[in-house]
Amino acid sequence: MDGAGLPTTRSTCPYCGVGCGVLLRPDGQGGLDVRGDPDHPANRGKLCSKGSQLGQTLGLDDRLLSPKIDGETADWDSALGTVASRFAATIAEYGPDSVALYVSGQLLTEDYYVANKLAKGFFGTANIDTNSRLCMASTVAGHKRAFGTDTVPGTYDDLEQADLIVLTGSNLAWCHPVLYQRILAARKNRGTRIVVIDPRRTASCDGADLHLALAPGSDVALFNGLLSEIAQRGLIDADFAGNVTGLDEALATARSEDLSVTGLSDTDLSAFFDLWCGTEKVVTIFSQGVNQSTSGSDKVNAILNCHLATGRIGQPGTGPFSVTGQPNAMGGREVGGLANMLACHLDIENAEHRQTVQGFWSAPAVPTSAGLKAVDMFRAVGEGRIKALWIIHTNPAVSMPEADRVRDAIDGCDFVVVSDVTERTDTARLANVLLPATAWAEKSGTVTNSDRTISRQRAVLPAPGDARPDWAILAEVGRRMGWQSAFDYQSPAEIFREYAALSGFAARFGRDFDISGLQNLSDEEYDTLAPVRWPVTATRVGGRFFGDGRFFTPDGKARMLAVNHRAPAASPCDARPFVLNTGRLRDQWHTMTRTAKSSRLSAHLPEPFLEIHPKDAARLRLSPAALVRVENDLGSAILRARITDAVRPGEVFAPMHWTGETAPSARIDALVAGACDPVSGQPESKASTVSISEYRARWYGFAVCSGDLHPTAPYWTRTRTDAGYRSELAGKAEPDDWEEFARDLFATDAAVQIVDDPKRGNHRFAFHAEGRLVAALFVSRSPTAVTRDYIATLPGTEAPAVLSGRAPADRPDPGPTICSCFGVGMNTIVQAIEEQALTSVDAIGAHLQAGTNCGSCRAELAFLLEKSRPMQAAE
Ligand SMILES: Nc1nc2c(c(=O)[nH]1)N[C@H]1C(S)=C(S)[C@@H](COP(=O)(O)OP(=O)(O)OC[C@H]3O[C@@H](n4cnc5c(=O)[nH]c(N)nc54)[C@H](O)[C@@H]3O)O[C@H]1N2
Ligand SMILES: Nc1nc2c(c(=O)[nH]1)N[C@H]1C(S)=C(S)[C@@H](COP(=O)(O)OP(=O)(O)OC[C@H]3O[C@@H](n4cnc5c(=O)[nH]c(N)nc54)[C@H](O)[C@@H]3O)O[C@H]1N2
Ligand code: SF4
Ligand SMILES: [Mo]
């Protein structure tokens, strides 16, 4: 209960792998008040912008509320009957490997466990893979090679006990904001140093002592350089070396490495080596800049080598730390969601492991070898080798490399089932059968975060329409296919107990993952389960691994691996001179099906873009606010150029978020090649090659409206605002009739006001109904110069002078939102800095509240201060 006497429920944020605890209080009208849980060990009450705005994403307007078969609403009985009979018939006719499941690190552990049991134990195929293949597979492979198991040694406390934090291939400030804030807070107390290793200058660099803008893909060389430096300075930990094999070989290889491939200066290299070698308590955090690479597994091992050589692992404030992306990326690894794993960190290729799992499940068969990994799986779909495919909680038509091919492959597959919470996704639009899943806050289960803490997600809202939990849908299909007792689950608690019991058997093989201490939880104990870090056994709960020097390899020793630099699979050439890097934005989550519903989150960076260096922009003669066409053999995209020296010359960066629903020309994965790491099968999402030219449109448009939009132009975006939507548009051919174009865009027959100057190519339309603005469109020959953030607030108001395109003097344009929590725009902040002579982020907070809640925008506030200073000095 909270202070007002209303019931609050503890749960976990559904976004990133930090796994923040939240307190949920339904408002009785379908909405939720969401606060940080002060008692959760991951966040201690803090939330980032995405977590804070969860309440804005719960609307039912675009929810899938009943099953559909071939686009027609159907009841559960026919939908599940169709799924069960089509899968059974396909397996009977073409064998078990003709079917596949593609699932997600956002599934709850219980969902994931049932999916894996169904595929590997009962369909008899290992063709179940997950979007974690695009995310964590290289870390899993690296961990297993070094430790014998996929074990994260440390805990979040280590981030606060370290004196040096190295972020490599991680934009922690935007992607794990609460952890980043924890590090910044610790830094105030102990002066923690921060080094960022990233080809791109990111928000995480704003608080860093050193930024190494290394050449893409050169992390192995850099960490090999560090390893030989460690040896040279006599810092190999002789005691710990007794727990490690492969030191000499790894060192010899490291010494042969040519560090020039990193493109870093000797000064930068020495600064990094001095910091790393001179600091005992060092944590190296790594994420997708490491994993999503054709040398991803080697990058992981190059990092682990340095920690193993120095014994800086398993002790407070030390260790390599792979931060997980999705809320249950870690749980998915535990349940064996990857095509080459079995549940509880057991290996599919190990006969004893297979027999144990098969016996435990009373399963007819467990496949003896790994199934198809994501990229190969969708290629097999495209080649017609997979004839029935079930996609759950992921949007591969957008997020897979070779996305256009993947979309075509799904489209061409004989039978496709999609379980989602909305049908408005690029993938769901291709389904034969659509199954409505209950969403976050409507469903119950567990997730495991980056530091092995298992937390509950709890249902506080009723399931809307016919929606059902993913585990229940999967189990029902299992029962309908004849495996009644194996899938006779009544609740997530029951699934969890079974899984916890299996982990006890697995631990007998010397595995790390053991939660057998939870196998006898009563329903009530499961309901009230407090966050707990694994392992959980009769004798041990949580803690760090490997401080005792014991590993999970057959000889109990860790393995250092000899790894050498390999360049990314594609190298720039005359035809494709740019390296395309991709990644995330602060306020959007992947394919935006949830975060794009929030006007606050959408206001941070409302349009897809390509970061390009000023020198390259000059060489390509890009005009201001130009659109650019980005191309390669796989596909093409049109994006707004953002000219910035945050990227290196010859390299460009685009966010991964936009889709067929929000900006169809900006589906960036259409250009990402499917080249994979040979060990992990993880694709190289950060180093494809492309060519770039200006997309010279004949007309550019900006639109706002209170209802939905129906754009048709070659370039368009759809972005949620408080008042409705806003949109950017552009095209090469002008429509014959601009008014008709505008009416079709807004699907309106309201009264229109027009300002037309066809000679100059200016056309402006405002539609009013009942004295209020319904929609407005501004068209011109160059990127439309109107005060966008102000005009976006006008639909629904009288707005008599909207067609001037300018904000009146008493209503200044707030500019793009910097602080999502309090909705404070950039212009407002810059103005306050200048007028009030503000000199610190805290002063901005005191004045405007910006940056005082979640803190995710504090780096950007610091940047605005920095930019404004010279102006003040000149005054
Ligand atoms: N706001 C937000 N947060 C998220 C998510 C989201 O969608 N939105 N998704 C979550 C998920 S699933 C994940 S996996 C994580 C990802 O979290 P991160 O891995 O931190 O995010 P990315 O932006 O994908 O990539 C990180 C950085 O890698 C850099 N990089 C590219 N190539 C190289 C290289 O060769 N070497 C090095 N050292 N760096 C390189 C990129 O420039 C980029 O800045 O974020 C999680 N958190
Ligand atoms: N270019 C490029 N591509 C990338 C990456 C990159 O860095 N660059 N990163 C990769 C990484 S690390 C990741 S993790 C992936 C993420 O990519 P995806 O997993 O494809 O992205 P999401 O948008 O998270 O998709 C989740 C889907 O599940 C639906 N959903 C939400 N809640 C539920 C539920 O409770 N049940 C069900 N059944 N469905 C639900 C959502 O509506 C949405 O359609 O993208 C990968 N792709
Ligand atoms: S850091 Fe933000 S997105 Fe990640 S779990 Fe916490 S509140 Fe959610
Ligand atoms: Mo991810």
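Model, not experiment: these values are computed from the prediction. We're numbering straight along the sequence, starting at 1. Atoms within a ligand are numbered from 1 in the order they appear, just like the ligands themselves.
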Taking [Y]'s backbone N and O only, do any of them form a donor-acceptor pair with [X]'s side chain (distance below 3.5 Å, no angle check)?
| X | Y | result |
| --- | --- | --- |
| N305 | L561 | yes |
| K686 | G169 | no |
| S49 | D587 | no |

Looking only at the side chains, is there a donor atom on one of [X] and [Y] sitting less than 3.5 Å from an acceptor on the other?
| X | Y | value |
| --- | --- | --- |
| N291 | T139 | yes |
| Q326 | N131 | yes |
| H604 | S820 | no |
| T595 | Q588 | yes |
| S138 | S680 | yes |
| T109 | N328 | yes |
| T284 | H307 | yes |
| T453 | D451 | yes |
| T662 | T659 | yes |
| T591 | T593 | no |
| S599 | Q56 | yes |
| N340 | R133 | yes |

May I ask whether N131 places a heavy atom under 4.0 Å from ligand 1?
no
Is the closest heavy-atom distance from S293 to ligand 1 below 4.0 Å?
no
Considering only the protein, which heavy-atom contact is closest to atom 36 (N) of ligand 1, and what is its distance?
D219 OD1, 2.9 Å
Distance from atom 31 (C) of ligand 1 to nearest protein heavy atom, with residue and atom:
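It is K686 CD, 3.2 Å.
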Charged N to carboxylate O under 4.0 angstrom, R201 versus D645?
yes
May I ask you to say whether D150 pairs ionically with R333, meaning some side-chain N is under 4.0 Å from a carboxylate O?
yes
In chain order, what residues pass the side chain to side chain contact (heavy atoms under 4.5 Å, CB included) check against T9, with sequence neighbours excluded?
R458, V460
Check for me whether the distance between the ring centres of F653 and F609 falls short of 6.0 Å.
no
For ligand 1, which atoms have a heavy atom of [X] less than 4.0 angstrom away?
| X | result |
| --- | --- |
| Q326 | 12 (S) |
| G217 | 34 (C), 35 (O) |
| N581 | 31 (C), 41 (C), 42 (O) |
| C135 | 14 (S) |
| T202 | 44 (O) |
| P216 | 35 (O) |
| W174 | 1 (N), 2 (C), 3 (N) |
| G583 | 23 (O), 24 (O) |

Which bit of [X] is near ligand 1, meaning a heavy atom under 4.0 Å away: side chain, backbone, both or neither?
| X | value |
| --- | --- |
| R586 | backbone |
| F653 | neither |
| C175 | both |
| V323 | neither |
| M656 | neither |
| H604 | neither |

Taken by chain and residue number, the protein N/O/S atoms under 2.8 Å from atom 6 (Fe) of ligand 3 read C20 SG
Tell me which one of [options] gets a heavy atom nearest to [atom].
| atom | options | result |
| --- | --- | --- |
| atom 44 (O) of ligand 1 | N171, D587, V647, D198 | D198 |
| atom 13 (C) of ligand 1 | G325, A213, S685 | G325 |
| atom 8 (N) of ligand 1 | Q588, H590, E611 | Q588 |
| atom 6 (C) of ligand 1 | R584, R201, E651 | R584 |

Before signing off on this row, confirm whether [X] and ligand 1 have an N or O atom pair separated by under 3.5 Å.
| X | answer |
| --- | --- |
| I197 | yes |
| K299 | yes |
| T582 | no |
| H657 | no |
| W589 | no |
| Q288 | yes |

Could you walk me through whether T717 and E607 satisfy the side chain to side chain donor-acceptor pair (under 3.5 Å) test, starting with their C-alpha distance in whole Å, then the side-chain angles of each, then the deciding distance to 0.1 Å, before giving a yes or no?
CA-CA 7 Å; T717 65; E607 195 183 4; 5.4 Å; no
